[in-house]
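Numbers restart at 1 for each chain; the letters A, B, ... are given by sequence-line order, proteins then strands. Heavy atoms only: backbone and side chains are in, while hydrogens, waters and symmetry mates are out. Only a predicted model underlies this, so the values are computations on that prediction, with no experimental measurement involved.
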Amino acid sequence: MGFLSPIALVGLLAASLPILIHLLGRRPPVPVPFPAVRYLTETERVHSRRLKLRNLFLLLLRTLVILFLVLAAAGPFVRVGSGETHAPVTLGLVIDNSISSGAVTDGRRVLDLLKERARQIAAALTEDDAVWIIDSHGVPVRVRVADLSEEIDSLEPENRRMDLGHAVRTAARSLGGDRTPPAVLVVLSDLQKSALSAGEDVGLPVLALEPPLLPSNRSLAAVEVIPEVWSEGGGEVAVTVGGDLTEGTTLALELSGRVVAQSVVASGETAVLTVDRVSPGWSGALLRLDPDEFRADDRYWLALRSVPPAGIASAVGSGPFVAEALEVLVEGGRLERGPGASLGSELGPGPRVVFPPADANLVGDLNRQLEAVGVPWRLGPRESGEWQVPDWAGPGSGSTVLLRHRLEGEGEVLVAMGGVPWLVRQDSVVILGSRLEPDWTDLPTEASFVPFVDFLASRATVPDSWIARVTPAASVDLPRGTDRLLGPGGVEMDLGRQTISAPADVGVYFAVDAAGDTLGAMEVNHDPRESQLVSATRAELRAAVGNQADLVSWSELLGEIFVGAGRADLSTLFLLLALGSGLGELALASQSRGTER
Amino acid sequence: MNPPAERTRTRTDLLDPYEVSQLGGLELVARGIVEGYLSGLHKSPFKGFSVEFAEERPYQPGDELRYVDWRMLARSDRLFVKQFEEETNLRSILLLDVSRSMDWSGAERRLSKLEYSKRLLAALSLVLLRQRDATGLIAFDEEVRTVVPARSRGRHWWTLLREMSALEAGQGTAAEPAIRRVADLLRRRGLVILASDLLLDRDLTLLALQYLRHRGHQVMVFHVMDPGELDLDGPAEARFVDPETGTEVVARPRDLSQAYGATVRRSVEAWRTACRRIGVVYHHVLTEVPFGYVLREAGRVR
C-alpha cells in the first residue's frame, strides 16, 4: 500500500490523544464520605471486570476513529493488476530537441539519451493509451502508439530554442480537463534553467526525468561589427566569448572560406579581429571557435558590407573647416574627388549635404530650392543658445552647438537637440541645422570632427544598410522591395510576403530586389540562451509549471507514469472504517449512559 | 412559631422533613408531627393492638366463663381463667441506631438519617405515650449507648426527648446486643421499633429480631435511607470512604450507577423478604419523605 500524501501520516500522533487524555485526565480521586460503601463494594465485585473491558474497548474504538481518519487523509492506495499491464493512460511526451540537445555528454548527444528513454516508454504503452508528442516546435501532436517509435527516431536537434515552460503549459491545455483516462505529462529534456519560463500551474502531474550531467561550454555570446559599414580598407569585429571553460581557444573569422583574422580567447573575454582589406559589396562571414561538447554555439554567421570610398564632387560654401577635413579624408583614402556627394549651402544634382548659408538673407532662397526639389524640410529661424549633440549612431556626440536654424518639417531625423531636429535626411539630401564653424559649434575643434565630416560625406546621403540579427523561426520584416532571399550556398527562396519566419538553418541570407540589388542581409544564428547549459532544480521546475511537477529518476519514471492508472484508492474504505468505529463508540457509550438513566 | 389558628391549618406531618426540622427543637417538631398526623385520622392509631393474654389464675366462682382456659381444663382437669393486659398498657421499646453511618446526609438541605430517625421516633413515642403505652428507648452503635426504661407517665416523654436530643453519632454498628437488651427490658410481650440504616450484619440482626419474635414481641423495622444512597453520584472518579469502617473504594459513578442502584434495590428487597418471613413489619423510609406518611403507613400496617 502507498500513500499519495504521506505527510498526512504525521497526524497519526493524534491517535495517541485518547490515551493521553485518559492518562493526563486522571487526577487523584476525590474522597467522598459514603456510608453505603458495602453496596458499592458488592457492585464493583460483580461488575468491575465487565466495566474494565468496556472502557478498554471504548478507548480502542476512539483511537481507531482517529487512526482511520488520518490514514484516509493520507490518500492510501494499492496497486492493482499484475504489474505487466496497466490501466489506460493519457500521456503527453515532451521531448526537448532544441539546439542544446545536441550537446555531448558521456560520449552521446543529450537528445540520443532522451530518445532512448522515450523509446522505452513507448514500449510500455498499449493501444489503449493515448499519446501526444510535443517537441521544440511546441505544438502537441497526437500519435498512434504504433507510430510512436518512428516519430521518436525522426527527432534531431533543431536550431531553435525550446521554451520548456511554454511547451508544458500548451500540452497541459491540450491534455487537461476532465480527461479519461487521466493525463500525465512526461518531460524528457536537459531541463535548461534558461528554458523554463514561469507561468500558471498546469494542474496535471508533470514528471520530468532527471537530466543528464551537462558539459561545460564555451560560446560566441556577442558580436559587433565596427564600423557597421566597412570601406575597402576593412574594419573590425569585436567578439565576446561566453561559457564556463576557462582555457583559451582559437577564434577565427572566415571570409569566403578563408581565415582572414584570428585570435586566442577564453570564456568571459572579448577579442577584436581586424580585417585589413575586403572587397566592396555584401559578404557573409563566419566566426568560429574550436569545437567543444556543444558545437552549435561555436559558430556565428555575420553579414559584412564594404563600400568603395565615397566621392566628393564639391564643397563650395561648406566653409574652410569642412574643406580641410575633406582634404584629410581624401588623403586618407576615405574619400575621392569626383562624382559623389556635394557639400554646401545650395542644392544641386546628386547627393547633397546642405549647411545653412553664412548670410541669413540667403536662407529663404535655400528654402525655395528645397521646396522645388520636394524636400519637406525648411530652415527655420536662426537661434542662439547652447545645446549638446546627443548620443546617436554617428560621431560628434557631446559636442556643443551655439547657433542653429530650427529645422522644420517631417521626415527622417538623424539628430535632434532639445526636441528640435538638427540633422535630417530626405532620400539623398541631408540638411544640418548649423554650419560647421566655431561660431556655430565646437565640432571643428573636436577630434570627432573629421569622422563627422566623413559620415556626412560618405554615409549620410546613402541609405542605411538593413541587417537583421535573428534566431531560427523568428518573425522578420524584410525591407520594402525585397523579391527573394539568397541563402547559404546560393539557395534562392521566393517570398510571397514581406513578413516571414526566419529560416531554420543558420547562416546569412541576403534580401534581393527584383533588379538583383542587395537591399540588406539577415543573420540567422543560435539563441544565446541555449548556450547556458545549467539544469533547473526541482523547486525551479515546480515554480515554472506547478506543484504537481516532480523530478524523478529513470527507475521511478515508468512506475510513476502508470501508477495512477493502476491504483485503487483506499480512502473510502478507511473513511467507512472510521465511521463504523465512531458509531460503535457512540453506541457503546450511549448504551451505558442510557441504561443508567 | 405559627399562631394556633394557622397551626391547625398547617399539616406539619406532611411538610418536608428538613423544613419541619427548622421549625424548632425536637419537642416542638414531634408535637407538630403528631398533631398533624392525628388530625387526619378518624380513630386513634396503634390502638386495637392485640389484647395479649398475660397470665392465669385459678377459677373462682363468679369469674366469667368466657375467660376459662378450656384447653388447660382439657389437659389438666383444672379450671383456670385467663388474665389479660389492659389495651392501653402496651410496653414499647424504641431502638435507635446511632452509629456513624447514620450521621450522613446526601444533600445540604436534607436531614441526616440520625436526625430524621430522632424526630420520627420522638413523634412515635408521643403517639404511644398519649395512648398510655409505656415507652422506652435504647440507643446503640457497636454497643448499647443509652437505655431509658419504658414508662407511661406523661412526663416520661421529656425524658425520652432529652436523651434523644443528647445522642450523637457513635462508631460502628452492632444491633444484636441492643436487641437482646430489649428482652431484658420487656419481660412481657411488647412492641419493638427499630430505626436504623441497616448497614450492619444482616444475618445476626435477623437472628436477633427473630429471637424477639419468639419471645412474642411485635417488631417493626424502619429501614432509614438517604436518597443519595439509592443512586451513585459524585465526581467522574471518586474515592468513596465508609465513615464507620474506613473502607475505601475508588469508582467512577457514571460507570457503576446503574448496577449500584440494582444492588441497593436487591438489598432492600432482601431485608423486606427476610423480615416478612420472620413476622417483622418492615418499612423502607427515605429521609425526604414527610413524617406523616411514614406514621400513617406504619399505623396502617399495624
Can you tell me how far apart NZ (A:Lys52) and CG (B:Asp255) are? Round to the nearest 0.5 Å.
11.5 Å
Can you tell me how far the CZ atom of A:Arg38 sits from the OG atom of B:Ser267, to the nearest 0.5 Å?
8.5 Å
Neighbour count above 12 (heavy atom, 6.0 Å) for B:Asp16 CG:
yes
Part of B:Arg100 lying under 4.5 Å from any heavy atom of chain A:
neither
Identify the heavy atoms of B:Ala238 and A:Pro29 that sit nearest to each other, and give their distance.
C-CB, 3.7 Å
Nearest-0.5 Å distance that lies between atom CG in B:Asp242 and atom OH in A:Tyr39
11.5 Å
With rounding to the nearest 0.5 Å, note down the distance linking OH in B:Tyr260 to CD in A:Glu42.
10.5 Å
Atom CZ of B:Arg213 with >12 non-hydrogen neighbours under 6.0 angstrom:
yes
By a 4.5 Å heavy-atom criterion (distance strictly below it), what part of B:Glu229 contacts chain A: side chain, backbone, both, or neither?
both
Specify which of B:Leu199, B:Val249, B:Asp103, B:Val264 makes the most heavy-atom pairs with chain A at under 4.5 Å.
B:Leu199
B:Gln22, CD: over 12 other non-hydrogen atoms inside 6.0 angstrom:
yes
Can you name the closest pair of heavy atoms from B:Ala251 and A:Glu44 and give their distance?
CB-OE2, 4.4 Å
Looking at B:Leu256 and A:Leu40, what are the two nearest heavy atoms and their distance?
CD1-CD1, 4.1 Å
Engaged part of B:Leu232 at the chain A interface, taking heavy atoms whose separation is under 4.5 Å
side chain
